[in-house]
S.K.: 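The structure that follows is given in the form of structure tokens.
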Amino acid sequence: MPVLSVVIPTHERFRYARHTVDAVLRMSDDIEVVVSDTSAKDAWSDAGLYGSSDRLKIVRPPTGISVVDNFNIALGHATGDFVCFIGDDDLVTPDVMQIVRQAAAEGVDAIRFAFPVLFYWHDYAHKALPEAYAGTIWASDYVASIRPLDTKRSLNNALAQLGRGVFDMPRIYCGIIARSLIDRVIERHGALFGGVSPDIYSAALLSAHATQAIDLDFPAVIPGASGASTAGQSAAGKHVGALRDNDHIRPFKNLVWHALVPEFYSVPTVWSYSFVRALEQIDEDLVLRANWGRLYAQCLMYHRRYRSETLTAMRAYACRTSPAALMAAVSKGIAAETAWAAKRVGKRLSVRHGTTKDLRFAGADDVDSALAIIGEVVAKGPKPVWPTTK
């Protein structure tokens, strides 16, 4: 049985996935790679990659299924003691195996990583600063600290910033989760992935059931952003639109949208819908504890074209609480979102004017050159030192 299963769901992105798979397989003989590809064409067969390694499983689910179904199918083929999902444009470093072995020895069931190193593929096109990112590695300072992670507090932190992401919740996507924790979640809730965004849905369930989680400030998993990725589309300003006509949402048959979430396709609405569906699984009372004002502020400020959909959701919230509660929540949400936006603008200006403290490394034109640069960064940085717990 493999120590670690690295699972890569993919769709019509063989040009990225093949290189990522090759790189991960080279990391260790104790890594199993599971690829679940819903593309119309079987490029793996055309490339002669079936049977190329006994540690590579290529799964071909039916075309037209949702990303959530694809994630659940892929998980069903993973046999490792620990499981890590990555995107087909993400990477892992060789240090991941030592981390997993130590986690097993310490009884850790969830590893949440910070991401001090990021990989931007050569075709990544940022709409404001395209020349700053394409074909680069970006690295910020890290201390390689290992600290216990209070997953209930992590869940509450995400509740307080609805629509803004996973934050420090433990996650299986670009994180590492023990098989024992995965089995507990599936036994209780039927599946690890749900909603329309498998990352944040699963993170909420994992937060509710993890018993010994850690937060690791070290670049063992390297998030990537390519031209065809969600991050790439968002950076190019293309990641918003009508809900039911979207390629991501269309495969979800008979989807019943949540009344409190504005019904259009965007990053904050998709994340919020998925998070709320997970909260309903954990404890129905958590739904109204979420900071709905923060979500509505994002929709009103950044997606004015869908003002009608946002106002409809706000009226539903007022019916469940009160008009006064709605006004207070939205006012606080706008203040918090304005502060967040100011920080983002400051970050962009620091990149544009070369005053950022992050290090930028050009020449990451393919996976091998990216890993070479990442290897140099990691070699010069601190290594994790596990605290003595036994």
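Please read these numbers as outputs of a predicted model, since none were measured by experiment.
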S.K.: Report yes or no: do Tyr273 and Leu288 belong to one cluster of Ile/Leu/Val/Met/Phe/Trp/Tyr joined by side chain heavy-atom distances under 4.5 Å?
M.R.: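 Yes.
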
S.K.: Salt-bridge test for Arg277 and Glu280: reply yes if a basic N is under 4.0 Å from a carboxylate O, no otherwise.
M.R.: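 The answer is yes: the pair qualifies as a salt bridge.
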
S.K.: Crowded around Lys152 NZ? As in, over 12 foreign heavy atoms under 6.0 Å?
M.R.: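 Yes, NZ of Lys152 has more than 12 neighbouring heavy atoms, counting only those of other groups under 6.0 Å.
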
S.K.: Return each pair, listed once, that meets salt bridge (Lys or Arg N to Asp or Glu O under 4.0 Å) where at least one residue sits in residues 70-83; pairs must be two or more places apart or across chains.
M.R.: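 Output for this query is empty, none listed.
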
S.K.: Considering only heavy atoms from C-beta outward, does the side chain of His11 approach that of Asn70 to under 4.5 Å?
M.R.: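 With C-beta onward as the side chain, the pair stays apart.
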
S.K.: Under the side chain to side chain contact (heavy atoms under 4.5 Å, CB included) criterion, do Leu205 and Ile282 qualify, and how do the steps go?
M.R.: CA-CA 7 Å; Leu205 296 187; Ile282 299 166; 3.7 Å; yes

S.K.: Looking at Val267, is its backbone amide N or carbonyl O close enough to the side chain of Gln298 to form a donor-acceptor pair, meaning the two atoms are under 3.5 Å apart?
M.R.: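 No: the side chain of Gln298 does not pair with the backbone of Val267.
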
S.K.: Atom CG in Asp217, atom CD1 in Ile146: separation rounded to 0.5 Å?
M.R.: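 Separation between the atoms: 10.0 Å.
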
S.K.: Please answer whether the main-chain N or O of Ala160 pairs with a side-chain N or O of Arg289 as donor and acceptor at a distance below 3.5 Å.
M.R.: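 Checking the backbone N and O of Ala160 against the side chain of Arg289, no donor-acceptor pair under 3.5 Å is found.
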
S.K.: For the atom pair CD1 (Ile86) and OG1 (Thr10), what is the distance rounded to the nearest 0.5 Å?
M.R.: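 One finds 10.5 Å between CD1 of Ile86 and OG1 of Thr10.
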
S.K.: Could you tell me the separation between the OG1 atom of Thr79 and the NZ atom of Lys57, rounded to the nearest 0.5 Å?
M.R.: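 Rounded to the nearest 0.5 Å, the OG1-NZ separation comes out at 4.0 Å.
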
S.K.: Just do the side chain to side chain contact (heavy atoms under 4.5 Å, CB included) check on Ile214 and Glu106 with the steps written out, would you?
M.R.: CA-CA 11 Å; Ile214 61 170; Glu106 299 289 342; over 6 Å; no

S.K.: How long is the straight-line distance from CD1 of Ile65 back to CG of Asn72, given to the nearest 0.5 Å?
M.R.: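 Output value for this atom pair is 9.5 Å.
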
S.K.: Report yes if some heavy atom in the side chain of Val59 is under 4.5 Å from a heavy atom in the side chain of Ile73; otherwise report no.
M.R.: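 Side chain of Val59 against side chain of Ile73, heavy atoms only: contact under 4.5 Å found.
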
S.K.: Following the transitive rule for hydrophobic clusters with a side-chain heavy-atom cut-off under 4.5 Å over Ile, Leu, Val, Met, Phe, Trp and Tyr, establish whether Phe275 and Phe167 coincide in one cluster.
M.R.: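 Unlinked, Phe275 and Phe167 end up in two clusters.
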
S.K.: Ignoring hydrogens and angles, state whether a donor on the side chain of Ser180 or Asp109 is under 3.5 Å from an acceptor on the partner side chain.
M.R.: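 Judged by distance alone, the side chains do not pair up.
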
S.K.: Quick check on Lys383: does its NZ atom have over 12 non-hydrogen neighbours (other residues, nucleotides or ligands) under 6.0 Å away?
M.R.: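 Yes.
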
S.K.: Donor-acceptor check, side chain of Arg179 to backbone of Ala78, threshold 3.5 angstrom: yes or no?
M.R.: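 Yes, the answer is positive, given that a donor and an acceptor are paired below the 3.5 Å cut-off.
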
S.K.: Check the angle between the aromatic planes of Phe71 and Tyr173 and answer parallel, tilted or perpendicular using the 30° and 60° thresholds.
M.R.: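 Aromatic pair Phe71/Tyr173 classed tilted.
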
S.K.: Under a 4.5 Å cut-off applied to non-hydrogen side-chain atoms, are Ser39 and Phe14 in contact?
M.R.: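 The answer is no, as the side chains (C-beta and beyond) never meet within the 4.5 Å cut-off.
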
S.K.: Ignoring hydrogens and geometry, is there a side-chain-to-backbone donor-acceptor pair from Trp292 to Val287 under 3.5 Å?
M.R.: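 Checking the backbone N and O of Val287 against the side chain of Trp292, a donor-acceptor pair under 3.5 Å is found.
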
S.K.: Taking Leu255 as the starting point, is it possible to reach Val270 by hopping between hydrophobic residues whose side chains are less than 4.5 Å apart?
M.R.: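 Same cluster.
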
S.K.: Looking at Phe264 and Cys299, what are the two nearest heavy atoms and their distance?
M.R.: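 Reported closest heavy-atom pair: CZ-SG, 3.8 Å.
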
S.K.: In terms of ring plane angle, is the pair Tyr133 and Tyr124 parallel, tilted or perpendicular, where the classes change at 30° and 60°?
M.R.: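 It falls in the perpendicular class, over 60°.
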
S.K.: Around Arg188, counting heavy atoms of other residues, nucleotides and ligands shown, do more than 12 lie under 6.0 Å from its CZ?
M.R.: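 No - once you tally the heavy atoms of other residues, nucleotides and ligands closer than 6.0 Å, there are 12 at most.
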
S.K.: Might you point out which heavy atoms bring Ala220 and Phe113 nearest each other, and give the distance in Å?
M.R.: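 Here Ala220 and Phe113 meet closest at CB-CE2, 3.6 Å.
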
S.K.: Under 4.5 Å between side-chain heavy atoms, hopping through other hydrophobics if needed: is there a path connecting Ile222 to Val143?
M.R.: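 No, separate clusters.
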
S.K.: Please confirm whether the backbone N or O of Val196 pairs with a side-chain atom of Ser274, one donor and one acceptor, at under 3.5 Å?
M.R.: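 The answer is yes, because a donor-acceptor pair under 3.5 Å joins these two groups.
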
S.K.: Quick one: pull up CZ in Phe361 and CH2 in Trp138 and give me the separation to the nearest 0.5 Å.
M.R.: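 Between atom CZ of Phe361 and atom CH2 of Trp138 there are 10.5 Å.
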
S.K.: Could you walk me through whether Leu118 and Asp358 satisfy the side chain to side chain contact (heavy atoms under 4.5 Å, CB included) test, starting with their C-alpha distance in whole Å, then the side-chain angles of each, then the deciding distance to 0.1 Å, before giving a yes or no?
M.R.: CA-CA 11 Å; Leu118 305 173; Asp358 294 347; over 6 Å; no

S.K.: What pair of heavy atoms forms the shortest contact from Thr136 to Ala362, and how long is it?
M.R.: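 Taking every non-hydrogen atom into account, CG2-CA, 4.3 Å.
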
S.K.: Are Asp89 and Arg13 close enough that some pair of their side-chain heavy atoms sits under 4.5 Å apart?
M.R.: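 Yes, at least one pair of side-chain atoms sits under 4.5 Å.
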
S.K.: Within a reach of under 6.0 Å around CZ of Arg360, are more than 12 heavy atoms found that belong to other residues, nucleotides or ligands?
M.R.: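 Atom CZ in Arg360 is packed in, count exceeds 12.
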
S.K.: Has the side chain of Arg55 got a donor or acceptor atom that lies under 3.5 Å from a matching backbone atom of Pro2?
M.R.: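 Such a contact is absent between Arg55 side chain and Pro2 backbone.
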
S.K.: For the hydrophobic clusters of this structure (ILVMFWY residues joined by side-chain heavy atoms under 4.5 Å, transitively), does one cluster hold both Leu159 and Leu149?
M.R.: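 No: no chain of side-chain contacts under 4.5 Å links Leu159 to Leu149.
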
S.K.: Does the Ser5 side chain pair with the main chain of Val83, one donor and one acceptor, at a distance under 3.5 Å?
M.R.: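 Not confirmed, Ser5 side chain does not pair with Val83 backbone.
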
S.K.: Test side chain to side chain contact (heavy atoms under 4.5 Å, CB included) on Val96 and Ile176; report intermediate values, then the result.
M.R.: CA-CA 9 Å; Val96 74; Ile176 296 177; 3.5 Å; yes

S.K.: Say whether, by atom type as modelled, one donor and one acceptor occur between the side chain of Asp123 and the main chain of Gly227 under 3.5 angstrom.
M.R.: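 Pair found, side chain donor or acceptor close to backbone of Gly227.
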
S.K.: Do Asp168 and Arg153 sit within salt-bridge range, that is, some charged N less than 4.0 Å from a carboxylate O?
M.R.: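 Salt bridge between Asp168 and Arg153, a charged N being under 4.0 Å from a carboxylate O: no.
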
S.K.: For atom CZ of Arg307, decide whether the heavy atoms of other residues, nucleotides or ligands shown that lie under 6.0 angstrom number more than 12.
M.R.: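 Check fails, neighbour count at 12 or below.
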
S.K.: According to the side-chain hydrogen bond (donor to acceptor under 3.5 Å, both in side chains) rule, which pairs have a member within residues 328-337, sequence neighbours left out?
M.R.: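 The answer is Arg164-Glu337, Arg294-Glu337, Tyr302-Glu337.
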
S.K.: Can you tell if the side chain of Phe252 reaches within under 4.5 Å of the side chain of Val67, non-hydrogen atoms only?
M.R.: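 With C-beta onward as the side chain, the pair touches.
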
S.K.: Fit a plane to each ring of His248 and Tyr265, take the angle between them on a 0 to 90° scale, and name the class: parallel (under 30°), tilted (30 to 60°) or perpendicular (over 60°).
M.R.: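 Rings of His248 and Tyr265: tilted, as their planes differ by 30° to 60°.
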
S.K.: Return the minimal non-hydrogen interatomic distance between His122 and Ala134, and the atom names on each side.
M.R.: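 Reported closest heavy-atom pair: O-CB, 3.5 Å.
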
S.K.: Heavy-atom count around Met327 CE within 6.0 Å, excluding the residue itself: above 12?
M.R.: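 Check fails, neighbour count at 12 or below.
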
S.K.: Are Ile172 and Ile182 side-chain neighbours, meaning at least one heavy-atom pair lies under 4.5 Å?
M.R.: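 Answer yes - side chains close enough.
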
S.K.: Just to verify, which of Leu243, Thr310, Thr269, Thr312 counts as forming a side-chain contact (heavy atoms from CB on, under 4.5 Å) with Glu263?
M.R.: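 It is Leu243; the other options fail the test.
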
S.K.: Which atoms form the tightest heavy-atom contact between Ser202 and Pro198, and what is the distance?
M.R.: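 Distance-wise, the nearest heavy atoms are OG-O, 2.7 Å.
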
S.K.: Rounded to the nearest 0.5 Å, what's the gap from CD1 on Ile99 to CZ on Arg101? Could you check?
M.R.: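 The CZ atom of Arg101 is 11.5 Å from CD1 of Ile99, to the nearest 0.5 Å.
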
S.K.: Any heavy-atom pair between the side chains of Arg320 and Leu260 that's under 4.5 Å?
M.R.: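 Yes; the side chains approach each other to less than 4.5 Å.
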
S.K.: Per the side-chain hydrogen bond (donor to acceptor under 3.5 Å, both in side chains) rule, what does the pair list look like for residues 362-373, sequence neighbours excluded?
M.R.: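 Every side-chain hydrogen bond (donor to acceptor under 3.5 Å, both in side chains) pair that includes a residue of residues 362-373, provided the two are not neighbours, is Arg26-Asp368, Asp366-Ser369.
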
S.K.: Decide yes or no for Arg15 and Ser226: does some side-chain heavy atom of the first lie under 4.5 Å from some side-chain heavy atom of the second?
M.R.: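 In short, these two side chains do not touch, never coming nearer than 4.5 Å.
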
S.K.: Over all heavy atoms of both residues, which pair between Gly224 and Trp121 is shortest? Give the atoms and the distance, please.
M.R.: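 For Gly224 and Trp121, the tightest heavy-atom pair comes out as CA-NE1, 4.5 Å.
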
